[in-house]
Amino acid sequence: MKWYIERLEELKNAEPIISVCGDDCAVCPRFLAKTEEELSETARFWYKAGWRDHIVSNEEIKCTGCGCRPVCSFMLLPCTKEHGVRICRECPEFECEKVKNTYRASGEKKRQCEKACETKEEFEMLIRAFYEKEKNMRK
């Protein structure tokens, strides 16, 4: 993603914003994309990386925050609400099967993401964004 690659240097110092599933929103392209072109390029990348089965609309790719999404990919958000905790690690059942499945599912997508990236630096930032879930969820 050209626009994302152009911002990599500033993103290196971004203060982490960890989501329920362990993603770092501070460096997530969906969270950061604001213009129509950035959203469109992000949607194309999501398809290329195998995170969507088609190129979605800008409206669909735009991040509205975990609490606003109608569906949670890993079903952790409804689980935290059900257990009355803000994040998974606060739950007495942490690391449950849902959390372990989240780690597994995320890891399975990593290789395709790497192939979709234009540069090594872009992939390294996306590792921070999406592939450090286990570390982030345990903090």
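The chain is numbered in sequence order, starting from 1.
- Using a 4.5 Å heavy-atom cutoff, the side chains of Asn58 and Glu41 are not in contact.
- Heavy-atom minimum distance, Thr42 versus Pro29: CG2-CB, 4.1 Å.
- By the neighbour-count criterion of 12 heavy atoms within 6.0 Å, atom NZ of Lys62 is sparsely surrounded, having that number or fewer from other residues, nucleotides or ligands.
- Met137 and Leu77 fall within the same hydrophobic cluster, defined by Ile, Leu, Val, Met, Phe, Trp and Tyr side-chain heavy atoms under 4.5 Å apart, directly or through other members.
- Linking Ile, Leu, Val, Met, Phe, Trp and Tyr whenever their side-chain heavy atoms come within less than 4.5 Å leaves Ile87 and Val99 in two separate clusters.
- A cation-pi contact, defined as under 6.0 Å to the ring centre and within 45° of the axis, links Lys34 to Phe31.
- Partners of Glu121 by salt bridge (charged side-chain N to carboxylate O under 4.0 Å, His left out), not counting sequence neighbours: none found.
- Side-chain heavy-atom separations under 4.5 angstrom define the hydrophobic clusters, and the remaining members of the one that includes Tyr47 are Ile55.
- Across Tyr4 and Glu122, no two heavy atoms sit closer than the pair CD2-CG, 4.1 Å.
- Taking the ring centroids of Trp46 and Phe130, they lie under the 6.0 Å cut-off.
- Crowding of Arg104 atom CZ: a count of heavy atoms from other residues, nucleotides or ligands under 6.0 Å exceeding 12.
- Using a 4.0 Å cut-off between charged side-chain N and carboxylate O, Arg138 and Glu95 make a salt bridge.
- Side-chain contact check for Thr102 versus Leu76: some heavy-atom pair is nearer than 4.5 Å.
- Contact detail for Arg30 and Arg52: the closest heavy-atom pair is NH1-NH2, 3.6 Å.
- Summarising the local packing, CD of Glu59 is surrounded by 12 or fewer heavy atoms from other residues, nucleotides or ligands at distances under 6.0 Å.
- Within 6.0 Å of CD in Glu9 there are 12 or fewer heavy atoms belonging to other residues, nucleotides or ligands.
- Both Val27 and Phe45 are members of a single hydrophobic cluster when ILVMFWY side chains are connected at heavy-atom separations under 4.5 Å.
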Might you work through the salt bridge (Lys or Arg N to Asp or Glu O under 4.0 Å) test for Glu132 and Arg128, ending with a clear yes or no? CA-CA 6 Å; Glu132 294 182 345; Arg128 176 179 162 186; 5.9 Å; no
Taking it one step at a time, do Glu124 and Lys120 satisfy salt bridge (Lys or Arg N to Asp or Glu O under 4.0 Å)? CA-CA 6 Å; Glu124 287 170 358; Lys120 178 182 175 207; 3.5 Å; yes
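- Using a 4.0 Å cut-off between a side-chain N of Lys or Arg and a carboxylate O of Asp or Glu, Glu37 and Arg44 qualify as a salt bridge.
- Smallest separation of non-hydrogen atoms from Tyr103 and Glu134: CE2-CA, 3.4 Å.
- Both Trp51 and Leu32 sit in one connected hydrophobic cluster of ILVMFWY residues. Membership requires side-chain heavy atoms under 4.5 Å apart, directly or through other members.
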Does the pair Glu114 and Arg111 meet the rule for a salt bridge (Lys or Arg N to Asp or Glu O under 4.0 Å), with working shown? CA-CA 5 Å; Glu114 182 176 20; Arg111 187 175 315 279; 5.3 Å; no
